[in-house]
Protein chains: 2
Amino acid sequence: MPKRVQPRSPDGMQLGGLLVFGLLANSYIVPLVKMERIPRATVNRLPLYLRALESLPSDQGTVSSRELAELIKENSAKVRKDLSFLGTYGVRGVGYNVENLRFRIRRDLGLTRIWPVIIVGAGNLGSALAKYGGFDASGFTIVGIYDNDPEKIGTTIGNLTVRSMGSLRRDAQERNVEIGMITTPVPAAQQVAEQLADAGFKSILNFAPMVLRVSPEVEIRRVDLSTELQILGYYVQQSLAEG
Amino acid sequence: MPKRVQPRSPDGMQLGGLLVFGLLANSYIVPLVKMERIPRATVNRLPLYLRALESLPSDQGTVSSRELAELIKENSAKVRKDLSFLGTYGVRGVGYNVENLRFRIRRDLGLTRIWPVIIVGAGNLGSALAKYGGFDASGFTIVGIYDNDPEKIGTTIGNLTVRSMGSLRRDAQERNVEIGMITTPVPAAQQVAEQLADAGFKSILNFAPMVLRVSPEVEIRRVDLSTELQILGYYVQQSLAEG
DNA sequence: AGGTGTGAAACAGTTCACAGCC
DNA sequence: GGCTGTGAACTGTTTCACACCT
């Protein structure tokens with residue numbers, strides 16, 4: 001018998017990670033239950049669901065967990081569990097409303113706004129990312145690229161001009177940038193990470209093949225190609241060993 | 001009281017995923033226990049351990065689990081558990097032999113050889129990867145880059161000439177290439193994946209922002225920048241909500 | 001004393017299976 | 001009949017805590 005906290009109960013509203021139940025007579029806000037966070041594993045799949053939903057024909061009104069599961073190569077039970085964490089209502093016997101679900105996921109991912117992002121490191125990879133047009137479609141826009149090489153500063157990449165590290169802090173604060181990508185060589189990466197943390201960045205996408213160490217309130221994700229290849233290598237070797 | 005199978009027991013040897021105990025008098029090989037696989041979570045960390053080990057000063061003979069833990073930002077219990085799956089012996093009160101541990105991890109990851117890798121998609125990202133020198137240090141070497149755009153075929157990127165998709169299959173088989181990276185736009189990616197699978201590739205590193213569907217014996221890893229940003233976005237938003 | 005190896009506990013994530021609603 | 005929502009079971013991963021070795 002379902003006894004869990006009702007997301008969106010009649011007089012409850014979700015607010016900043018707390019489930020708040022009503023304003024009492026004397027104006028106390030009473031947080032009854034700490035709202036359960038969406039599990040990390042689920043958060044990691046939300047972008048995939050969103051993409052799947054966006055790939056559906058525009059006249060498709062509803063979608064079943066099985067359909068979604070096929071699109072992201074998972075099973076339908078997982079999809080249903082995941083979506084249940086959003087407090088989204090599917091309709092039994094019918095499925096999920098595509099439009100509504102898309103909206104919910106966009107909202108939970110914070111995609112109701114466009115996030116400005118900067119790149120530090122104007123080498124091959126940084127330049128390629130600066131020119132890559134695909135971010136805008138996902139809700140992000142590259143607003144700056146930085147380097148400390150005087151040869152590179154002032155040059156143009158895509159529609160951006162490479163700027164000096166010295167101007168990073170002020171630029172970022174002016175434009176409210178909170179997400180940065182590090183595409184420098186390894187020796188520079190740690191220092192850059194500290195500069196970003198210092199400038200108030202909240203999250204970092206790190207392409208330098210190393211583990212960065214900054215204060216834990218900065219969320220860091222690593223995109224580590226060598227590591228990915230080595231992991232693939234393990235499984236290739238494994239498949240050989242098994243014949 | 002430890003009663004687990006002894007890795008590297010005096011008369012046992014590890015062979016193709018089986019722990020084989022001794023050759024009996026009449027030449028029967030007796031596989032007593034199916035060798036426990038290294039857990040995925042551990043495999044994913046092996047490249048990090050390797051890098052950490054390689055970053056140690058060359059005169060450092062041993063390393064403790066705590067030291068390694070700091071280098072990869074994990075805790076020491078996890079490090080010890082992970083390393084125990086390799087059947088590696090640390091020495092109580094001392095730590096792990098750096099040289100030996102490095103060798104074991106390289107061997108388990110299959111890095112005793114250099115793996116040839118090809119890239120499909122000679123756009124910004126593919127070109128940047130082709131020029132990126134960092135793979136060689138990790139045991140991989142880019143031996144070809146492919147595209148189906150006649151404008152690109154024949155042009156030079158780094159020290160590679162872009163070749164046509166038509167030559168992929170034969171090239172790969174001649175050179176025994178089993179790992180491919182897909183850096184094409186989304187619409188081409190699925191078809192390319194099928195071509196790779198068909199040409200006998202064992203694993204694919206997919207940079208196209210979509211979920212590929214090929215037969216399950218092909219190991220696929222996704223490097224999905226938009227998705228990474230969206231995940232970061234979630235946590236940035238979350239941190240705002242909490243104040 | 002210092003540090004590994006590892007059962008056992010705790011936690012996280014996945015899958016099952018089915019009641020309940022359309 | 002179809003499909004969601006979700007407890008419960010299960011599987012995988014992390015952490016604890018301590019016996020044991022050097």
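Each chain gets a letter, A, B and so on, in the order its sequence line appears, and its residues count up from 1. Note that the structure is predicted; figures quoted are calculated from it, not measured.
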Can you check the [X] [atom1] to [N] [atom2] distance for me, whole Å?
X        : N      : atom1 : atom2 : value
A:Asn75  : D:dC3  : CG    : C1'   : 15 Å
A:Asn97  : D:dT4  : CG    : P     : 13 Å
B:Phe85  : D:dG12 : CZ    : P     : 11 Å
B:Leu68  : C:dG2  : CG    : P     : 19 Å
A:Leu101 : D:dC3  : CG    : P     : 16 Å
B:Glu74  : D:dT13 : CD    : C1'   : 11 Å
A:Leu86  : D:dG5  : CG    : P     : 10 Å
A:Arg66  : D:dT4  : CZ    : C1'   : 13 Å

For [X], give me all partners under side-chain contact (heavy atoms from CB on, under 4.5 Å), at least two apart in sequence or on another chain.
X        : answer
B:Leu71  : B:Ala52, B:Ser55, B:Leu56
A:Asp198 : A:Arg169
B:Ser138 : A:Ser226, A:Gln230, B:Phe140
B:Asp136 : B:Thr141

Base, sugar-phosphate, or nothing for B:Ser76, non-hydrogen atoms under 4.0 angstrom?
nothing

Base versus backbone protein contacts along nucleotides 17-22 of chain C [heavy-atom cut-off under 4.0 Å; B, S, -]
B-BBBS

Sidechain-backbone polar pair: B:Gln237 side chain, A:Asp108 backbone, donor-acceptor under 3.5 Å:
yes

Given [N], is OP1 or OP2 found less than 4.0 Å from the side-chain N or O atoms of [X]?
X       : N      : answer
B:Ser65 : C:dT4  : yes
A:Tyr96 : D:dG5  : yes
B:Lys81 : D:dT13 : no
B:Arg45 : D:dT14 : yes
A:Ser84 : D:dG5  : no

Nearest-nucleotide wise, let me know which of B:Gly90 and A:Lys78 is further upstream toward the 5' end of DNA chain C.
B:Gly90

Over-ring placement of A:Arg102 relative to A:Tyr49, 6.0 Å and 45° cut-offs:
no

Show me the donor-acceptor pairs, under 3.5 Å and distance only, between side chains in residues 209-218 of chain B and residues at least two apart or in other chains.
unit_1, atom_1, unit_2, atom_2, d
B:Arg213, NE, A:Glu70, O, 3.3
B:Arg213, NH2, A:Glu70, O, 3.0

Of the nucleotides C:dG3, C:dG13, D:dT13, which one has an atom closest to the side chain of B:Pro39?
D:dT13

